[in-house]
Amino acid sequence: MRNFINKFFSHNNLPQLNWFGKMFSFLIINGYWGVIKNPTFYQGPLKGITLPVLNCYSCPLAYTSCPIGLMQHFLEIRLVPYYLIGVISTIGVIFGQATCGWVCPFGLLQDILYKIPGRKLRIPHKLYYMKYLFLLVTIVLSIWMVSPVFCKYFCPVGTLEAGLPHIIWAPEFRPLLTWIFGLKFALMIIFLLLFVFTKRPFCTTSCPMGAILGGFNKVSFLQMHVSAYKCTKCDICRTVCPMDISIWKNPKDLDCIRCGRCVVGCPANAIEMTFRGVKIAKLNVNPTLRKSDTQG
C-alpha cells in the first residue's frame, strides 16, 4: 500500500493531480446546473454542508455553504457554531491549509489568471498579515453591527459568484442595487487585475479562511519536510510556490497550502510531503524546472 501511495503521488503525477483535484472539487461544489432552467440558487439539504473554502452560499451553482458566511451568521445571533468549529478543526488537523491548494474554487481562478503572460510582481510578505486583520475585523464588526460585514461590504467571491449572476439573470433585482454593490464590484475588478500580475493576492492578504487554516499547519498530519543536508537555498521553491513563500526557511509556514509544487520544482530533491510520517510525495530523480511551474 505504501509503495502504491508513493507511486501515485510521485513527482510525475503531482502537478496533474493538483489541477485535477481543483477542477473536480469546483464541479462538485458548484454542480447545480438546474439553475439554467430556473434562475435562482440551490437551497436544498446540501446547503447544510460547509467546507473550509470560500464559495458563496448565494452562488446559483453552489451546493454548499460558505464557512465565513456561516461564522458571521452565528456571531450575529450570539451562538457558538459548534458544527463549523468541528468541521474546520477536523479538516485542519488532518490536512492543514491543503484545502486552499487543492479544493478552493477562488484559488483555482487565481492560479489560472496568473498564467496569463505579462510582467509579474511580488507582494511584500508584510502584507500577508492583513488577512489576520480581516479575520479580526470580521469577527468584531459582525458582533457589533449584527451584520455579515465581510460578505456585505468586501468579499469579491460573493460579487463574482452570486452578485453578478443574479443581476444578469434576474433583472428585477437591478433597481435594488446600492453603492454597496458598486464598492464590491470595484474591489472585485481590482482583485481580478491583481490575479494576472501577482500570486494569489486574495489568499495572501485578505482571506479570513486562510488565516484560520494556516494555524493548523503547525500540527496537521500532512506536513512538508526539507532536508538541511540537500537544500542549497536556491529559492526555486519560492519561484514555483503559488503563495510565493520559501518553504526551506520554514516547512510549517502558516501560508503553505500544501500544493506540492515545491516538491516538483526542487532541483536538489530536498523537499518531501508526508502524512503522519509516511512519505506521500518525494522526487525520485532531480527534475528539470519547467516554465509552466514558475507561472503558478
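Side chains included, hydrogens not; waters and symmetry mates left out as well; all remaining heavy atoms used.
In this structure, the side chains of C259 and P242 come closer than 4.5 Å at one or more pairs of heavy atoms. Between R238 and I245 there is no side-chain heavy-atom pair separated by less than 4.5 Å. Within the 4.5 Å cutoff, the side chain of I123 has heavy atoms near those of the T205 side chain. Residues S220 and R258 have side chains in contact (heavy-atom distance under 4.5 Å, counting atoms from C-beta outward). Side-chain contact between P52 and M209 is present, with heavy atoms from C-beta onward closer than 4.5 Å. Under the 4.5 Å side-chain criterion, counting only non-hydrogen atoms from C-beta, D253 is not in contact with M243.
Judged as a salt bridge (charged side-chain N to carboxylate O under 4.0 Å, His left out), the pairs with a partner in residues 127-136 (not counting sequence neighbours) are, in order, K131-D255. For residues 200-209, the pairs satisfying salt bridge (charged side-chain N to carboxylate O under 4.0 Å, His left out) are D111-R200, with sequence neighbours left out.
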Under 3.5 Å, sequence neighbours excluded: what are the donor-acceptor pairs made by side chains of residues 189-197?
none

For residues 53-62, run the donor-acceptor check on the side chains, cut-off 3.5 Å, and write out each pair with its distance to 0.1 Å, sequence neighbours left out.
| from | atom 1 | to | atom 2 | distance (Å) |
| --- | --- | --- | --- | --- |
| N55 | OD1 | N30 | ND2 | 3.4 |
| N55 | ND2 | N30 | OD1 | 3.0 |

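Applying the 6.0 Å contact sphere to CZ of R78 captures more than 12 heavy atoms from other residues, nucleotides or ligands. A 6.0 Å sphere centred on CZ of F275 holds more than 12 heavy atoms belonging to other residues, nucleotides or ligands. Open room surrounds NZ on K152; 12 or fewer heavy atoms of other groups in view lie less than 6.0 Å from it. Taking a 6.0 Å sphere around NZ of K47, one finds it holds more than 12 heavy atoms contributed by other residues, nucleotides or ligands.
Every side-chain contact (heavy atoms from CB on, under 4.5 Å) that Y129 has, sequence neighbours left out, goes to Y132. Contacts of T90 classified as side-chain contact (heavy atoms from CB on, under 4.5 Å), with partners at least two apart in sequence or in another chain: I94.
Rounding to the nearest 0.5 Å places SG of C237 at 7.0 Å from CD1 of I247. Taking SG from C241 and CZ from R261, the interatomic distance works out to 8.0 Å, rounded to the nearest 0.5 Å.
A continuous path of ILVMFWY side-chain contacts below 4.5 Å connects V226 to V264, so both sit in one hydrophobic cluster. When the side chains of ILVMFWY residues are joined at heavy-atom separations under 4.5 Å, either directly or via intervening members, L27 and F24 end up in two distinct hydrophobic clusters.
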Open item on the list: I'd like to know whether F181 forms a side-chain contact (heavy atoms from CB on, under 4.5 Å) with L164, so could you lay out the CA-CA distance, the side-chain angles of the two residues, the decisive distance to 0.1 Å, and finally the verdict.
Closed with: CA-CA 10 Å; F181 180 80; L164 286 180; 3.9 Å; yes
TODO: Just do the side-chain contact (heavy atoms from CB on, under 4.5 Å) check on F106 and L160 with the steps written out, would you?
DONE: CA-CA 10 Å; F106 209 55; L160 182 63; 4.0 Å; yes
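When atom types are taken as modelled, the side chain of Y114 and the backbone of K120 share no donor-acceptor pair closer than 3.5 angstrom. No donor-acceptor pair under 3.5 Å is formed between the side chain of T204 and the backbone N or O of Y128.
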